[in-house]
Every structure is written in structure tokens, then in C-alpha cells.
Amino acid sequence: MSDCIFCKIVRGEIPSRKIFEDDEILAFHDLNPKAPTHFLVIPKRHIPNLMELAPADSALAGHLVYEAQRIAGELGCAERGARFVFNCKSDGGQTVDHLHLHVLGGRPLDWPPG
Ligand code: 5GP
Ligand code: ZN
């Protein structure tokens, strides 16, 4: 997906504040943070949203979630926790159609979301 914003971030064509990357995933700070800690974890491969996961993507999804909580802990959220969110398609409020896990922490968050 050559015109996808997050694919461009993966390729380095759009700058980002990277936190972590390996062969499969990339974690970077959200451009418009909604909490003191707000980063995104994405697969490097273009997957449009969570509901497009294939059975063969299970290990990738687990790896992405594992690294998200590990990084959250390293960024100071270990004691008080954080929120881990996949917005999915229009009703889920997804605006960038490349699978991403939001991690928000550093302040108490309301529930339910709007
Ligand atoms: P969504 O609404 O799809 O769940 O979340 C998309 C997120 O991507 C938003 O929180 C938005 O601030 C973030 N975002 C959109 N464009 C960019 C960008 O170019 N760089 C970074 N770092 N974040 C972005
Ligand atoms: Zn993409």
C-alpha cells in the first residue's frame, strides 16, 4: 500500500519518533497524543485492520501485544497501567487503515469512551 501513511512511516518516507522496531513490528509516538504516554504499535506489513487478521497472523498479533505491554512498562506505566486499544473500521473510529494498537497511559482514563 504505497499511499498508506503508516507504510510510509515503516519505509522512513514520513518521519516518526520511533520507540522500538524489529523485523515484524514498529512502535512510535502518536503525532497527536491524547495522554502523557501515547504510542502506536503496528505490523510492518500492511494489514488494514484487526478484523482482517488471518489465522496465520496469530503469532504476529501476539508478538505485537506482548511488545506493546513491555514498552508501556518501560515508559513508566508498569505500576498504574495503561489502555490498549484497537480502533477498527468506521464504528470503531479507525482513521488510518493500517492495523495499529494504541497504548495510552500516564493519567486516569474515562470509561466508556465516546
Ligand atoms: P485511529 O483513529 O486510526 O485509531 O488512530 C490513528 C492515529 O494515528 C491517531 O491517533 C493519529 O494521531 C495518529 N497519526 C496519524 N498520522 C500520523 C503520523 O503521520 N505520524 C504519527 N506519529 N501518528 C499519526
Ligand atoms: Zn499500510
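Just so you know, ligand 1 is whichever comes first in the structure, and atom 1 is the first atom listed for that ligand. Counting from 1, the numbers follow the sequence of the chain as shown.
- The residues Asp57 and Arg45 are annotated as salt-bridged, a charged nitrogen and a carboxylate oxygen being separated by less than 4.0 angstrom.
- Residue Phe28 approaches ligand 1 through these ligand atoms, each under 4.0 Å from one of its heavy atoms: 21 (C), 22 (N).
- Contact annotation for Arg17 and ligand 1: no heavy atom of the residue comes within less than 4.0 Å of the ligand.
- For the pair Asn87 and ligand 1, the shortest N or O to N or O distance falls below 3.5 Å.
- Within the listing of ligand 1, atoms 3 (O) sit less than 4.0 angstrom from a heavy atom of Gln94.
- At least one N or O atom of His29 sits closer than 3.5 Å to an N or O atom of ligand 1.
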*Do Glu74 and Phe20 pass the side-chain contact (heavy atoms from CB on, under 4.5 Å) test, and can you show the C-alpha distance, the side-chain angles, and the key distance before you say yes or no?*
CA-CA 11 Å; Glu74 288 196 348; Phe20 172 82; over 6 Å; no
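- Note that the SG atom of Cys7 and the CD1 atom of Ile42 stand 7.5 Å from one another [nearest 0.5 Å].
- Two residues are said to be in side-chain contact when any heavy atoms from C-beta on lie closer than 4.5 Å; Leu26 and Lys18 meet this criterion.
- A donor-acceptor pair under 3.5 Å is formed between the side chain of Gln94 and the backbone N or O of Pro48.
- We find the CZ-CG distance between Arg83 and Leu101 to be 13.0 Å, quoted to the nearest 0.5 Å.
- Of all protein heavy atoms, the one lying nearest to atom 1 (P) of ligand 1 is His100 NE2, 3.1 Å.
- Ranking protein heavy atoms by distance to atom 18 (C) of ligand 1, first place goes to Leu31 CD2, 3.8 Å.
- Residue Ile19 is not grouped with residue Ile9 when hydrophobic side chains (ILVMFWY) are merged at heavy-atom distances under 4.5 angstrom, including chains of intermediate members.
- Within a 6.0 Å radius of CG in Asp22, more than 12 heavy atoms belonging to other residues, nucleotides or ligands are found.
- Of the protein's heavy atoms, Asp30 OD2, 3.3 Å lies nearest to atom 9 (C) of ligand 1.
- Residue contacts with ligand 1: Val85 is excluded, as none of its non-hydrogen atoms falls under 4.0 Å.
- Rounding to 10 degrees, one finds that the Zn ion (ligand 2) sits at the corner of an angle of 110° between His46 ND1 and Cys7 SG.
- For the atom pair NE2 of His38 and CZ of Arg107, the computed distance is 10.0 Å after rounding to the nearest 0.5 Å.
- Counting the atoms of ligand 1 from 1 in the order shown, those under 4.0 Å from a heavy atom of Leu40 are 8 (O).
- For atom 19 (O) of ligand 1, the closest non-hydrogen atom of the protein is Ile5 CG2, 3.7 Å.
- With hydrogens and angles ignored, the 3.5 Å screen pairs no side-chain donor or acceptor of His100 with any backbone N or O of Asn49.
- A continuous path of Ile, Leu, Val, Met, Phe, Trp and Tyr side chains, each step under 4.5 Å between heavy atoms, connects Val96 with Ile14, placing both in one hydrophobic cluster.
- In terms of protein heavy-atom proximity, atom 15 (C) of ligand 1 is nearest to Val96 CG2, 4.1 Å.
- Using a 4.0 Å cut-off to heavy atoms of His102, the atoms of ligand 1 that qualify are 1 (P), 4 (O), 5 (O), 7 (C), 10 (O).
- The closest protein non-hydrogen atom to atom 8 (O) of ligand 1 is Phe6 CZ, 3.4 Å.
- Not a single heavy atom of Asp97 sits closer than 4.0 Å to an atom of ligand 1.
- Looking at atom 3 (O) of ligand 1, its nearest protein heavy atom turns out to be Thr95 N, 2.7 Å.
- The shortest N or O to N or O distance between Gly93 and ligand 1 is under 3.5 Å.
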*In sequence, state the C-alpha distance, the side-chain angles, and the governing distance for Lys44 and Ile25, and then conclude on side-chain contact (heavy atoms from CB on, under 4.5 Å).*
CA-CA 5 Å; Lys44 288 190 167 178; Ile25 65 168; 5.7 Å; no
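- Of all atoms in ligand 1, numbered sequentially from 1 with element shown, those under 4.0 Å from a heavy atom of Asn32 are 12 (O).
- Phe39 does not carry Arg17 over the face of its six-membered ring by the limits of under 6.0 Å from the centre and within 45° of the normal.
- Counting just the N/O/S atoms of His98, the one with the shortest distance to the Zn ion (ligand 2) is named ND1.
- Taking 4.0 Å as the cut-off, Lys8 does not count as a neighbour of ligand 1 on heavy-atom distance.
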